[in-house]
Each structure stands twice: as C-alpha cells, then as structure tokens.
Amino acid sequence: MASDSIQDTNPTIPNSSKSTEIEETSPSTKPKLMIESYFPTLIAFQDWLDVISLNTYLKEQIYAWKAKDLEGIERSNVRSMGAWHSKTDMNQRPEFAEFTERVTLTVQEYFNQLGYDPSWKASCDSMWANISPKYAYNRSHNHGSTLCSGVYYVQSDPGHSGRINFTDPREQAVILPTYTKEALQRSHTWSNVYYDPIPGRIILFPGWLRHDVAPNLYNGTGKEADRISISFNFYQCPPDTVRNY
Ligand SMILES: [Fe+2]
C-alpha cells in the first residue's frame, strides 16, 4: 500500500530495541527495507444475498430475449460451441432496469472505495447476457479501454461451470516468474487468479485486464446445465450530465 505521508516513504533507522535481527547486524547502519506496492490490479467481488427470485426472473427474461434473437452476436463466446451472446443494450431494456440499477449501485460503491470523485457517477455503457451450454467457453480477451467491467452469475454450478481466469497483465512478469515455496506464496507472485461462478456473485475488474472462462462442464441436462451470466462495462459520467441509461 502506498504510504500515507512523505515521511513514511523515507527509509528509517531502526531503533535500538533488543530484537535478534538487529543484534546480528549493525543497529546503527541498517535501514529498514521498505517494500511498497504501486500500480496494483484491483478485482472486487460481492456475493449478493437472497438472489433466488432475482435469478429466476433474470433467467426467464434472458431466455425470452434469446428466443427473439437466436443469432445474437459473437465476441469472446464461441458460437460453434452453442454459446449465445446477446446484443449489448441490456441496460437500455426496461425489463432489466432494476437489475441495471442494482449493478450501478455496486459499481458506485466500488468507485467510492477507490476514492474516485463521487460527483462523477458510475454509468453503464453496455450490458449483455451470456448463455453457455455444456463445453462452451470464452476465449481470452479484454474489454478495451473500459474503466470498469464486470460479470454477474445468474445460473451456474460453482464446481463445474467453468471459472473465470484473470491473467497477469505484465507480460514480462509471466515470462520471468519468481520461484517461491508454495507455503510462502503471496498474491503478488501469482500469474493467474480464478474465481468460482457462484450464482449471485458479482465480480468487478479493470476493462483492460485479460481474462477467459473455462468450459462449462456441469453434468446436467437441458437449460439447467447452462451457465448464465451477465457482463457489463461502466465509465464515470461527468457531473451535471444525464446518465445514459
Ligand atoms: Fe469479458
């Protein structure tokens, strides 16, 4: 974490307390090694409560939408695997207005926690539904210059429906990994981060962060085996501007 003040970022001389470490070296000449973290990749998630009726409603509406537009569009989904990707105007459709508002409030909370100017409101740029039958997956991709992207799970089996996999955006760090004992590993040495697709879970991440989704291997039948998720992109709407949705 960045230090709170300039004073804290300067090396400091340890005091002369009787710790073993200090006694083995020279207490007067060994400055403390300061390790700080900058340019972090921030991923947030929240598991919404009491989502059964919400997800039942979303599922009905998404299948109804698919029935009217069977072709959908192709992005990171693989049509040949049967994956359906809706058009990206979900946030403009009245049947999804309540859901869009709830997502927007969550993104706004994320922006607030990150210290963004609260007069610049979280605004949804695009939103779409994904239906992934058995074996369907999503290719590695990012969401371009979007400030904040995310996904919400409507229907999935956490253990089998395919995890979302975020990869280290620092390509050279992947090429030159560090060697660490597993028991000592901490998150700053990871090259990949996986999240389980839990119904009711919302995950937020920077739009530039590369990710893919593993095949849906849920061993069910028919629609019950589909992984259903909703993806979206957000930006900050300038003050005194009418939001887009
Ligand atoms: Fe994505």
Side-chain angles (χ1 to χ4, degrees), residues 40-48 55 58-59 62 65-66 69 71-93 96 99-100 102-104 106-107 110-111 122-133 135-158 160-171 174 190-218 226-236 244-245:
T41 301
L42 303 175
I43 302 174
F45 75 96
Q46 189 174 58
D47 293 321
W48 290 359
N55 287 349
L58 290 171
K59 183 178 170 181
I62 290 168
W65 191 4
K66 181 184 176 184
D69 180 19
E71 195 174 358
I73 61 176
E74 184 160 25
R75 292 290 185 272
S76 67
N77 58 310
V78 182
R79 264 187 180 147
S80 60
M81 302 295 293
W84 182 76
H85 184 306
S86 77
K87 292 189 172 65
T88 59
D89 62 347
M90 191 171 188
N91 53 315
Q92 306 286 351
R93 293 172 174 261
F96 298 111
F99 175 77
T100 300
R102 189 166 176 181
V103 172
T104 301
T106 307
V107 176
Y110 174 63
F111 286 179
S123 289
C124 188
D125 176 66
S126 52
M127 182 180 284
W128 60 95
N130 311 283
I131 300 177
S132 303
Y135 303 126
Y137 60 94
N138 288 77
R139 294 177 284 241
S140 177
H141 66 285
N142 62 42
H143 293 209
S145 57
T146 300
L147 178 65
C148 174
S149 297
V151 61
Y152 173 82
Y153 293 100
V154 176
Q155 176 176 283
S156 52
D157 177 342
H160 303 93
S161 293
R163 299 182 296 178
I164 187 168
N165 166 36
F166 296 101
T167 53
D168 190 338
R170 305 162 304 162
E171 290 184 9
V174 178
W190 299 348
S191 297
N192 297 82
V193 175
Y194 302 90
Y195 282 84
D196 283 331
I198 298 174
R201 169 166 288 183
I202 184 170
I203 303 174
L204 307 175
F205 53 90
W208 45 258
L209 183 59
R210 186 162 281 278
H211 54 283
D212 59 83
V213 183
N216 174 16
L217 299 179
Y218 180 52
D226 288 344
R227 177 180 64 228
I228 305 173
S229 62
I230 296 170
S231 302
F232 43 82
N233 292 325
F234 273 76
Y235 65 104
Q236 282 183 296
N244 191 25
Y245 69 94

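Numbering of ligands and ligand atoms starts at 1, following listing order.
Trp84 places a side-chain N or O within donor-acceptor distance of the main-chain N or O of Asp69, the cut-off being under 3.5 Å. When atom types are taken as modelled, the side chain of Ser156 and the backbone of Pro197 share a donor-acceptor pair closer than 3.5 angstrom.
Each of Tyr152, Tyr195, Tyr194 was checked for a ring-ring contact (aromatic ring centres under 6.0 Å, His included) with Phe45, and the lone residue meeting it is Tyr195.
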Report all side-chain donor-acceptor pairs from residues 207-214 shorter than 3.5 Å, counting only partners two or more places apart or in another chain.
from   : atom 1 : to     : atom 2 : distance (Å)
Arg210 : NH1    : Ser140 : O      : 3.4
Arg210 : NH1    : Ser140 : OG     : 2.9
His211 : ND1    : His141 : O      : 3.4
His211 : ND1    : Leu209 : O      : 2.9
His211 : NE2    : His141 : NE2    : 3.0
His211 : NE2    : His143 : NE2    : 3.2
Asp212 : OD2    : Asn165 : ND2    : 3.1

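Taking the six-membered ring where tryptophan is involved, the planes of His160 and Tyr218 are tilted, since the angle between them lies from 30° to 60°.
Around the Fe ion (ligand 1), protein atoms of type N, O or S found under 2.8 Å number 3.
Between the OG1 atom of Thr100 and the CZ atom of Arg93 there is a distance of 11.0 Å, given to the nearest 0.5 Å.
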